[in-house]
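First the structure, in the form of structure tokens, and then the observations on it.
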Number of protein chains: 2
Amino acid sequence: MTNLNIYKEKLRQSGLRPTRQRLKICEALFSPEKTFHFTINDLTKIIEEKLSEKISLATVYNTIHAFKKKGYLKEILVNSDKRYFDTNVTEHHHFFDEDTNELIDCSSDDIDSVNIKQNITGKKIKSVEVLIKVATDNQTQK
Amino acid sequence: MTNLNIYKEKLRQSGLRPTRQRLKICEALFSPEKTFHFTINDLTKIIEEKLSEKISLATVYNTIHAFKKKGYLKEILVNSDKRYFDTNVTEHHHFFDEDTNELIDCSSDDIDSVNIKQNITGKKIKSVEVLIKVATDNQTQK
DNA sequence: GAAATAGTTTAGAATTATTATAAACAATAA
DNA sequence: TTATTGTTTATAATAATTCTAAACTATTTC
């Protein structure tokens, strides 16, 4: 309940009206203690089943894109089958388990900072992301 | 012409029959001096326009997937709008220019090797890929 | 507060990329 | 040369995402 006002403020601050649907989505995304990864489908299910709210798919898409644009979410690219989003928007990296198709955070502590010696002239580095694909030993690489 | 036999051999070696279509695709992909990035659409156009060959879309998809599986191609994930493939299958990384949507190789020389301190237990690291998003300074981050 | 406005949601249609299908065809093996 | 097995093709099917325009809601203005 107290979170609700925080979400309202958060939305207003970025020029998004705090509608019932957006607040529900905020609740699903930002009330869990731990950050997590999800697909649009996952999220729609969570909202329907756990929060007992039926939100139109188009709205879920709209909202997720708006949130991504505002920096409330990150999109993580791991394979071409699924689009994952991440509620952890801090600088971090990922393991992708090819056996289970699971995406696991790799904190910046678990990796030495990536040193880029040569950049494209005239451009600024906006982000550096490392994706580490893992599998059991006998597994073929994708 | 001499390349043709190399491609035939390459295909046979990996259990793929050297058909007219696959050889044309090999020509488009592996005869240029420099490696390059492409989408399925790009490739289909190149084959139609430059090599004056009409290959069914389904075959292009099939072949690209077969080649990827055999390690003749890599898929590069940069944004969710387009699926890029890379004829450079050596260990390397990428810059992605958000202004132009251009994908640029980042040789292993341009980046210090990534040191991963902590791995998932029981798993083997299959690949480590770094994606560096760049843009002109005033550009917003995607 | 009521009306005006600007932004949002919705169901369903449209679009797009990709994969499946099954018949015709081509490469290889016997 | 025939049989076998793999491949190509046009087209249909599927699936994810975006578009549309009408109904609705939050905010602003009076």
Side-chain angles (χ1 to χ4, degrees), chain A residues 4-5 7-28 37-45 47-48 51-70 72-73 75-85 101 142, chain B residues 4-5 7-28 37-45 47-48 51-70 72-73 75-85 101 142:
Chain A
L4 214 130
N5 289 318
Y7 300 148
K8 276 192 185 175
E9 213 26 62
K10 186 169 176 171
L11 289 168
R12 278 212 193 83
Q13 297 252 320
S14 55
L16 298 170
R17 287 184 182 175
T19 64
R20 186 167 51 81
Q21 293 84 344
R22 285 177 181 159
L23 289 169
K24 272 289 167 188
I25 292 175
C26 279
E27 200 186 324
H37 306 110
F38 65 93
T39 64
I40 296 278
N41 253 342
D42 295 342
L43 181 61
T44 309
K45 264 189 201 153
I47 292 168
E48 268 185 30
L51 305 185
S52 332
E53 181 96 19
K54 165 87 186 68
I55 301 180
S56 148
L57 240 196
T59 302
V60 180
Y61 273 98
N62 280 343
T63 306
I64 293 312
H65 289 151
F67 283 12
K68 182 184 161 191
K69 204 179 231 167
K70 296 298 179 191
Y72 299 170
L73 290 173
E75 186 167 5
I76 313 296
L77 298 159
V78 273
N79 69 175
S80 25
D81 301 342
K82 282 185 178 178
R83 287 175 73 168
Y84 292 93
F85 294 88
N101 263 31
K142 245 201 205 155
Chain B
L4 214 129
N5 290 317
Y7 299 148
K8 276 192 185 174
E9 214 26 62
K10 186 170 177 171
L11 289 168
R12 278 211 195 83
Q13 297 252 321
S14 55
L16 297 170
R17 286 184 181 174
T19 64
R20 188 167 50 83
Q21 293 86 343
R22 285 177 180 158
L23 290 169
K24 272 290 168 188
I25 292 174
C26 279
E27 200 186 325
H37 307 111
F38 65 94
T39 64
I40 297 278
N41 253 341
D42 295 342
L43 180 62
T44 308
K45 264 188 200 154
I47 292 168
E48 267 184 32
L51 306 184
S52 332
E53 181 95 18
K54 165 88 186 68
I55 300 180
S56 149
L57 238 196
T59 301
V60 180
Y61 273 98
N62 281 341
T63 305
I64 292 312
H65 290 152
F67 282 12
K68 183 185 161 190
K69 205 178 229 167
K70 296 299 178 191
Y72 299 171
L73 290 174
E75 186 169 4
I76 312 296
L77 298 159
V78 275
N79 69 175
S80 25
D81 301 343
K82 282 184 178 179
R83 287 176 72 168
Y84 291 93
F85 293 88
N101 263 31
K142 244 202 206 158

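Labels below follow one simple rule: chain letters A, B, ... track the order of the sequence lines, proteins then strands, and each chain is numbered from 1. Computed from a predicted structure; not experimentally measured.
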Distance check needed: D:dT11 P versus B:Asn62 CG, whole Å only.
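It works out to 17 Å between those atoms.
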
Kindly give the atom pairs (protein nitrogen or oxygen, nucleotide nitrogen or oxygen) under 3.5 Å for nucleotides 28-30 of chain D.
none

Please name the pair of heavy atoms, one in B:Ile47 and one in B:Ile25, separated by the smallest distance, quoted to 0.1 Å.
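Shortest heavy-atom separation between B:Ile47 and B:Ile25 comes out as CD1-CG1, 3.7 Å.
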
In short, B:Leu11 meets B:Pro18 closest at the heavy-atom pair CD1-CA, 3.6 Å

Polar pairs (N or O, both sides) under 3.5 Å between protein and nucleotides 16-20 of chain D?
residue, atom, partner, partner atom, Å
D:dT17, OP2, A:Tyr61, OH, 2.2
D:dT17, O5', A:Tyr61, OH, 3.2

Sequence neighbours excluded, which residues qualify as ring pair (Phe, Tyr, Trp, His ring centres under 6.0 Å) partners of A:Tyr84?
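If we apply the ring pair (Phe, Tyr, Trp, His ring centres under 6.0 Å) test to A:Tyr84, skipping adjacent residues, there are no hits.
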
Every protein N/O within reach of nucleotides 25-27 of chain D N/O, cut-off under 3.5 Å:
residue, atom, partner, partner atom, Å
D:dA26, N3, A:Arg17, NH1, 3.3
D:dT27, OP1, A:Arg12, NE, 3.2

Checking ring-ring contact (aromatic ring centres under 6.0 Å, His included) against B:Phe67, which of B:Tyr72, B:Phe38, B:Tyr61 comes through?
B:Tyr72

Main-chain N/O of B:Thr39 paired to B:Asp42 side chain as donor or acceptor, under 3.5 Å:
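Looks like yes, one N/O pair under 3.5 Å.
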
Quantify the bending of the helix from C:dG1-D:dC30 to C:dA30-D:dT1 as the angle between its end axes, each fitted on five pairs, to 10°.
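That helix has its two terminal axes inclined by roughly 30°.
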
Please name all residues satisfying side-chain hydrogen bond (donor to acceptor under 3.5 Å, both in side chains) with [X], sequence neighbours left out, ordered by chain then number.
| X | answer |
| --- | --- |
| B:Asn41 | none |
| A:Arg83 | A:Glu75, B:Ser80 |
| A:Arg20 | A:Glu53 |

Residues which pass salt bridge (charged side-chain N to carboxylate O under 4.0 Å, His left out) with B:Arg12, listed by chain and number, not counting sequence neighbours:
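Partners of B:Arg12 under the salt bridge (charged side-chain N to carboxylate O under 4.0 Å, His left out) test: B:Glu9.
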
Which residues pass the side-chain contact (heavy atoms from CB on, under 4.5 Å) test with B:Thr19, sequence neighbours left out?
B:Arg17, B:Gln21, B:Arg22

Applying side-chain contact (heavy atoms from CB on, under 4.5 Å), name anything that partners A:Ala66, two or more places apart in sequence or on another chain.
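Residues passing side-chain contact (heavy atoms from CB on, under 4.5 Å) with A:Ala66: A:Leu16.
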
Nearest of D:dT8, D:dT9, D:dA10 to any side-chain atom of B:Lys54?
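Among D:dT8, D:dT9, D:dA10, the one nearest the side chain of B:Lys54 is D:dA10.
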
Please assess B:Glu27 against B:Lys24 for the test salt bridge (charged side-chain N to carboxylate O under 4.0 Å, His left out), listing each intermediate value before the final yes or no.
CA-CA 5 Å; B:Glu27 200 186 325; B:Lys24 272 290 168 188; 3.8 Å; yes

Nucleotides bounding contact with chain B, strand DNA chain C, heavy-atom threshold 4.0 Å:
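Both ends considered, the range comes out as C:dA17 to C:dT28.
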
